[in-house]
Amino acid sequence: MKRKLLIRDVTLRDGQQSLFATRMTQPQVERVLPLFKEANFYAMEVWGGAVPDSIMRFLDENPWERLESIKAVIGDASKLTALSRGRNLFGYNPYPEEVIEGFNRYAIQSGIGIMRIFDALNDVDNVKSSIKYVKENGGIADATVCYTVDPHFHTKERIIALLHAKLLPYHIFTDEYFVNKAIEMEALGADMITLKDMAGLIPPIRAGRIISLFKKNLRIPVDFHTHCTPGYGLASSLMAIMHGVDIIDTAIMNFAGGPAAPSFELIQIFCNKLNIETGVNLDTVVQINNHLKDIRQELAEVDSYKMFPREFDITKDKLPKDIEALFDRAIVFAQNGKQDDLISACQKIERYFNFPEPDEEVKFAEIPGGMYTNMLSQLKGLKLEKLLPRVLEIIPSVRLASGCPPLVTPTSQIVGVQAVNCVIDENKNQSFYTTKSIQFVNLVKGQYGHTPIPIDEEFRYKITGVRKETPYDTGTYKKQDNPTFHEYGDVKLAQNAKEELLLELFPAVASEYLKNKVVNKYLDEIHRIEDEKHQKYLKEKEAYESLSKPEKEQLLMEGLYKF
């Protein structure tokens with residue numbers, strides 16, 4: 001009997017977010033939905049992440065309507081999945097229980113079957129509420145352990161630390177660290193566990209080892225999610241499969257590779273060779289991929305790479321013998337733990353299929369690609385891009401000082417922005433941390449939760465003015481204003497509970513979106529009334545013109561018609 005591997009397709013959320021800044025329009029999404037219904041993926045990631053914010057901000061679309069329209073087509077053919085940041089949901093500060101409960105309840109009512117819940121600090125306390133509310137509302141709680149690496153200190157920094165009689169920590173993010181987090185989440189009631197490698201930094205051997213430990217220590221299904229930015233993605237996914245992972249995240253070829261997830265088609269070829277059944281309808285995948293190419297061409301302005309994968313029909317195209325042999329050798333290398341050879345073989349496969357080359361700068365810096373590009377953009381805006389090497393050099397010390405948070409959204413951006421601030425301070429002959437972002441202050445203060453290692457009390461006092469960790473007090477949370485627009489017919493900005501949630505979760509973006517919606521609805525109503533009046537006028541005029549001359553004169557004398 002063949003082993004079964006479940007596929008979570010991430011094309012419509014993570015794929016388009018990684019490659020095209022989440023700019024797929026509703027009509028573009030709807031174009032491929034009937035085919036996705038026939039594709040037989042176990043699950044489809046379609047919502048959460050940057051989707052709600054981006055489609056309001058750039059496309060003037062309603063996030064709830066997008067989710068509901070996808071559910072209306074897909075039905076129960078695949079489970080729809082979304083991504084949220086636990087207690088922070090989509091923002092930075094934690095939300096009170098009623099907001100967390102409301103979000104998860106309405107997301108599940110609108111079509112979400114699996115809610116993937118992660119916390120940027122891997123603080124289990126921050127995912128507890130979401131697991132509870134997802135399960136209470138009939139959803140599947142997918143609790144996520146975020147993969148990260150220890151800070152990589154340069155020799156100079158280690159020497160300076162030794163001179164000051166300090167030991168730089170190492171072995172923070174051990175295999176046991178990730179396993180223990182997963183066990184804690186399972187104990188909270190998680191229905192599945194995902195090892196989520198947002199930066200694509202996990203090498204194959206470690207991916208296989210951690211997945212094996214998860215399978216040994218957990219009783220619930222295990223999912224593996226990674227990206228291809230530094231060049232490990234395909235090789236690490238293969239290793240996860242060979243070490244018993246239950247579910248793997250992939251994107252269809254034209255929305256895969258580079259900063260996105262590995263290509264489903266390449267994973268399917270490996271599964272064919274390993275006698276593993278995915279159950280996916282390959283004929284339908286080919287059709288979806290053809291549509292995705294057209295959509296990608298339409299998204300050219302926001303395409304990160306503008307390089308398309310090789311045309312490939314997995315149902316009938318034969319691979320050249322040397323490429324076929326690369327797949328076979330990759331499997332042998334994985335079986336024998338030859339990591340470098342495995343990575344090399346997988347990168348040659350991706351090169352043949354014309355996927356982007358590994359990002360060596362991101363690989364060397366051991367930081368997420370988005371963090372790298374954001375820091376570069378910040379420096380370019382100040383015409384200080386020459387300072388980037390120094391920024392990369394001090395990231396480990398900034399990260400260490402702030403409790404060594406995993407570099408995932410939003411902590412990756414917080415640490416990155418602060419590292420840039422420190423180097424700019426240094427460039428002005430000022431001391432580090434002269435300039436501090438409010439988010440960095442809150443991170444060090446303890447507002448986002450417990451950091452992986454304790455923060456030095458004196459450093460916390462220097463940055464925040466307090467020595468003790470100070471959790472965020474949700475009792476001080478102030479609900480967003482929901483004004484009434486008297487000038488537009490006495491209507492509220494948010495007119496139902498779902499719109500109120502958008503206002504809470506995305507205050508600035510949702511305010512503008514909802515106001516535009518109110519104004520447009522009001523103007524549409526004005527135009528409708530004016531059009532009705534005009535149509536009535538035309539009908540009356542037509543009736544008048546059909547009358548005889550004496551009848552017209554009589555009506556005019558009575559003041560009933562005045563044309």
Side-chain angles (χ1 to χ4, degrees), residues 2-11 15 39 41 197 200 202-209 211-212 224-258 260-283 285-286 288-289 307-358:
K2 281 189 174 183
R3 173 187 158 196
K4 183 69 181 288
L5 175 70
L6 300 177
I7 303 292
R8 184 190 314 233
D9 176 82
V10 298
T11 301
F41 288 113
D197 175 27
I202 190 167
I205 293 294
R206 195 160 196 212
R209 194 166 67 236
I211 292 299
S212 290
F224 180 64
H225 174 97
T226 191
H227 291 245
C228 299
T229 319
Y232 297 144
L234 183 61
S236 294
S237 295
L238 172 60
M239 194 66 92
I241 292 168
M242 296 181 69
H243 283 78
V245 78
D246 300 288
I247 310 162
I248 199 108
D249 289 12
T250 65
I252 294 176
M253 187 168 278
N254 273 308
F255 276 39
S263 161
F264 163 74
E265 291 86 344
L266 302 189
I267 293 296
Q268 180 65 52
I269 292 172
F270 278 123
C271 287
N272 291 343
K273 291 177 175 295
L274 291 166
N275 200 32
I276 294 173
E277 177 63 55
T278 65
V280 175
N281 183 333
L282 301 185
D283 290 312
V285 168
V286 172
I288 295 172
N289 194 47
M307 55 185 290
F308 287 74
R310 176 185 291 271
E311 297 272 351
F312 180 69
D313 184 334
I314 193 169
T315 65
K316 63 181 182 182
D317 289 349
K318 299 293 184 183
L319 294 172
K321 289 183 179 179
D322 58 330
I323 304 302
E324 188 85 43
L326 281 173
F327 281 92
D328 295 327
R329 280 158 43 202
I331 291 171
V332 173
F333 293 144
Q335 289 169 335
N336 292 294
K338 295 185 176 181
Q339 178 165 276
D340 290 345
D341 291 333
L342 169 60
I343 292 170
S344 175
C346 286
Q347 288 180 357
K348 287 176 182 176
I349 290 169
E350 291 180 305
R351 196 170 297 126
Y352 168 78
F353 282 95
N354 202 40
F355 287 112
E357 290 289 327

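Note: hydrogens, waters and symmetry copies are ignored here, and every other heavy atom, side chains too, is used.
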Separation between CZ of Phe41 and CZ of Arg8, rounded to the nearest 0.5 Å: 13.0 Å

Pairwise distance NZ(Lys338) to OG(Ser344) - rounded to 0.5 angstrom: 13.0 Å

4.5 Å side-chain heavy-atom contact, Phe270 and Ile349: yes

Least distance between heavy atoms, Tyr352 atom then Arg310 atom: O-NE, 2.9 Å

Closest non-hydrogen atom pair between Met242 and Ala334, with its separation: SD-CB, 3.5 Å

Check: Ile267 and Ile241 side chains under 4.5 Å, non-hydrogen atoms: yes

Shortest non-hydrogen contact between Pro358 and Pro230, atoms and distance: CB-O, 3.3 Å

Side-chain (Ser236) to main-chain (Ala207) donor-acceptor, under 3.5 angstrom: no

Phe327 vs Leu266 side-chain heavy atoms within contact, under 4.5 Å: yes

Check: Ile269 and Leu319 side chains under 4.5 Å, non-hydrogen atoms: yes

With sequence neighbours excluded, residues passing side-chain hydrogen bond (donor to acceptor under 3.5 Å, both in side chains) with Asp317: none

Those residues that, when tested against Thr226, pass side-chain hydrogen bond (donor to acceptor under 3.5 Å, both in side chains) (two or more places apart): Asp197

Student check: side-chain heavy atoms of Val245 and Leu5 closer than 4.5 Å: yes

Heavy-atom side-chain proximity of Phe308 to Asn354 below 4.5 angstrom: no

Heavy-atom pair of closest approach, residues Gly257 and Phe355: CA-CD2, 3.9 Å

Residue pair Leu274 / Leu238, side-chain heavy-atom distance below 4.5 Å: yes

Approximate separation, where rounding is to 0.5 Å, of Gln268 CD and Leu282 CG: 5.0 Å

Name of the residue among Asp9, Leu6, Ile7, Thr250 meeting side chain to side chain contact (heavy atoms under 4.5 Å, CB included) with Val280: Ile7

Trace of the side chain to side chain contact (heavy atoms under 4.5 Å, CB included) decision for Ile343 with Tyr232: CA-CA 6 Å; Ile343 292 170; Tyr232 297 144; 3.7 Å; yes

Rounded distance [0.5 Å steps], CG in Asn289 versus CD1 in Ile252: 6.5 Å

Taking every non-hydrogen atom, the tightest pair across Ala261 and Val10: CB-CG2, 3.9 Å

Over all atoms of both residues, closest heavy-atom pair of Ala235 and Leu342: CB-CG, 3.8 Å

Any residue meeting salt bridge (charged side-chain N to carboxylate O under 4.0 Å, His left out) with Lys4, in chain and number order, not counting sequence neighbours: none

side-chain hydrogen bond (donor to acceptor under 3.5 Å, both in side chains) against Arg351, all qualifying residues, sequence neighbours excluded: Glu357

Geometric class of the His227/His225 ring pair [parallel <30°, tilted 30-60°, perpendicular >60°]: perpendicular

side-chain hydrogen bond (donor to acceptor under 3.5 Å, both in side chains) partners for Ser263, two or more places apart: Glu265

Interatomic spacing from CZ in Arg3 to CG in Asp246 - rounded to 0.5 Å: 7.5 Å

Heavy-atom check, side chain of Phe333 versus side chain of Cys346, under 4.5 Å: no

Point-to-point distance, once rounded to the nearest 0.5 Å, from CE of Met253 to OG1 of Thr11: 11.5 Å

Gln347, Lys348, Lys321 screened by side chain to side chain contact (heavy atoms under 4.5 Å, CB included) with Leu326, the one that passes: Lys348

Contacts of Asp328 that satisfy salt bridge (charged side-chain N to carboxylate O under 4.0 Å, His left out) - sequence neighbours left out: Lys273

